[in-house]
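Residue numbers count from 1 along this sequence.
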Amino acid sequence: MITVRAPATSANLGSGFDVFGVAFDRPADIIRVERAEQTTIDITGVGSQYIPTDPDANTVGAVVDALDAPAHIEIDKGVRPASGLGSSAASAAGAAVALNELYDRGLSRSELVPIAAEGEAVVSGTAHADNVAPSILGGFTIATADGVESVSTDISLVACLPEIAVSTRDARRVVPETAQMAEVVETVGNAATLAVGMCRGDPDLVGRGMDDPLVTPARAELITGYDAVREAAVDAGATGVTVSGAGPSVLAVCRAGDQRAVGSAMLTAFDDHEVDARVYQTQVSDGATIL
């Protein structure tokens, strides 16, 4: 049996829609695999009752097919489904790493990214790599049609997960189909600033670069209390705030010493809108780990 810990992630980071991603040090999924004649899936943990165990309807089923690696797969969910924290990606990424090891396929971590991305297509309809890339590789990742680049960095994050359901499919439906040139220029500048900030480990640059006039405003409308939560986080010391992935989690970048204050302010703001929530104080961290 092979056991892998696959971390939660945040995609987009505001200005890097479908391109940027980061791995968290917590929460994470634990995936266990062992060889079998036919693939079966058992799921426990947070939100497990909402996740299909049919391999054809689960992200790991596509990974099994791509690697030709039938197995009994146990998934202990630490990342809540429909959270904006890469729940389906963590399972797909962990399965890809585990099955590659179990069957000695010899693929590199970078080669596993597009395989895990095919698993993402099962739930979102699109084989995008912005979540699976950081869950496999760790750090800050840039996923494009030409491949994935990753860099280790030391940035403090706060992810606030409200008890609101926002599906990836619904969040993609609200993405604008057109944009003004001024908005495109602003977004490119912000994305470049964020990338430099990640490379330097500079939370001020990263926070400034998260601003996004295109996708985030539309997705923020799906999250009750988002504007108040964003304002509260900034007042408490966050250098930048945005929707995490498809939402409903809200992601804040801050200095290490401000994490507790930022998280508390975000919880209070959600509570003021009668929304229960929980906070993860985390860091940009390593990717999937074989235990």
Side-chain angles (χ1 to χ4, degrees), residues 2 4-12 16-23 28-29 31-33 35-36 38-43 50-75 77 79 81-138 141-150 167-173 175 245-246 287-288 290:
I2 302 293
V4 169
R5 181 184 187 274
T9 55
S10 183
N12 304 331
F17 179 65
D18 273 2
V19 174
F20 290 168
V22 290
D29 283 1
I31 296 92
R32 300 177 180 87
V33 301
R35 294 192 186 216
Q38 185 174 357
T39 296
T40 56
I41 303 172
D42 289 335
I43 307 172
Y50 303 114
I51 305 173
T53 56
D54 179 356
D56 291 334
N58 190 294
T59 59
V60 304
V63 175
V64 168
D65 290 343
L67 290 173
D68 188 21
H72 174 62
I73 302 172
E74 298 175 3
I75 304 172
K77 294 297 296 179
V79 189
S83 62
L85 299 177
S87 180
S88 60
S91 296
V97 172
L99 293 170
N100 183 58
E101 181 75 11
L102 181 69
Y103 277 88
D104 194 24
R105 294 295 185 238
L107 299 177
S108 69
R109 289 294 179 100
S110 294
E111 289 172 325
L112 291 175
V113 169
I115 290 173
E118 287 299 325
E120 280 279 76
V122 173
V123 295
S124 68
T126 306
H128 52 279
D130 51 352
N131 278 116
V132 295
S135 194
I136 290 175
L137 300 173
T141 58
I142 301 173
T144 69
D146 294 326
V148 179
E149 298 294 333
S150 64
S167 75
T168 302
R169 291 180 188 271
D170 288 343
R172 294 192 80 85
R173 289 191 188 103
V175 174
I290 298 175

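- Atom CD of E149 has 12 or fewer heavy atoms from other residues, nucleotides or ligands within 6.0 Å.
- To the nearest 0.5 Å, atom CD of residue E118 and atom CG of residue L67 are 11.5 Å apart.
- Residues P134 and V22 come closest through the heavy atom pair CB-C, 3.5 Å.
- Note that NZ of K77 is 8.0 Å distant from OG of S83, once rounded to the nearest 0.5 Å.
- Between the side chain of N58 and the backbone N or O of P52, at least one donor-acceptor pair lies under 3.5 Å.
- Within the 4.5 Å cutoff, no side-chain heavy atoms of N12 are placed close to those of F20.
- The line from CD1 of I51 to CD1 of I43 is 5.0 Å long, rounded to the nearest 0.5 Å.
- A distance-only check finds no donor-acceptor pair linking the side chain of Y103 to the backbone of R35 [under 3.5 Å].
- Atom CD1 in I75 sits 6.0 Å away from atom OG1 in T59 (nearest 0.5 Å).
- Between the CD atom in E120 and the CG atom in N131 there is a gap of 5.5 Å [rounded to 0.5 Å].
- You'll find the side chain of L112 stays beyond 4.5 Å of the side chain of R105, heavy atoms only.
- For the residue pair G106 and N100, the shortest heavy atom distance occurs at N-OD1, 3.4 Å.
- Nearest heavy-atom pair, D29 versus S87, reported as atom, atom and distance to 0.1 Å: OD2-O, 3.7 Å.
- Nearest heavy atoms, A116 versus V63: CA-CG2, 4.1 Å.
- Remark: the backbone N or O of P7 is paired with a side-chain donor or acceptor of S135 at under 3.5 angstrom.
- The closest side-chain heavy-atom distance from I41 to P55 is below 4.5 Å.
- No option in D65, L99, V132, L107 other than L107 meets the side-chain contact (heavy atoms from CB on, under 4.5 Å) test with I115.
- A distance of 13.0 Å separates CD1 of I73 from CD1 of I2, quoted to the nearest 0.5 Å.
- Closest approach of I31 to A6, counting heavy atoms only: CD1-CB, 4.1 Å.
- Closest approach of L137 and S110 over heavy atoms only: CD2-N, 4.0 Å.
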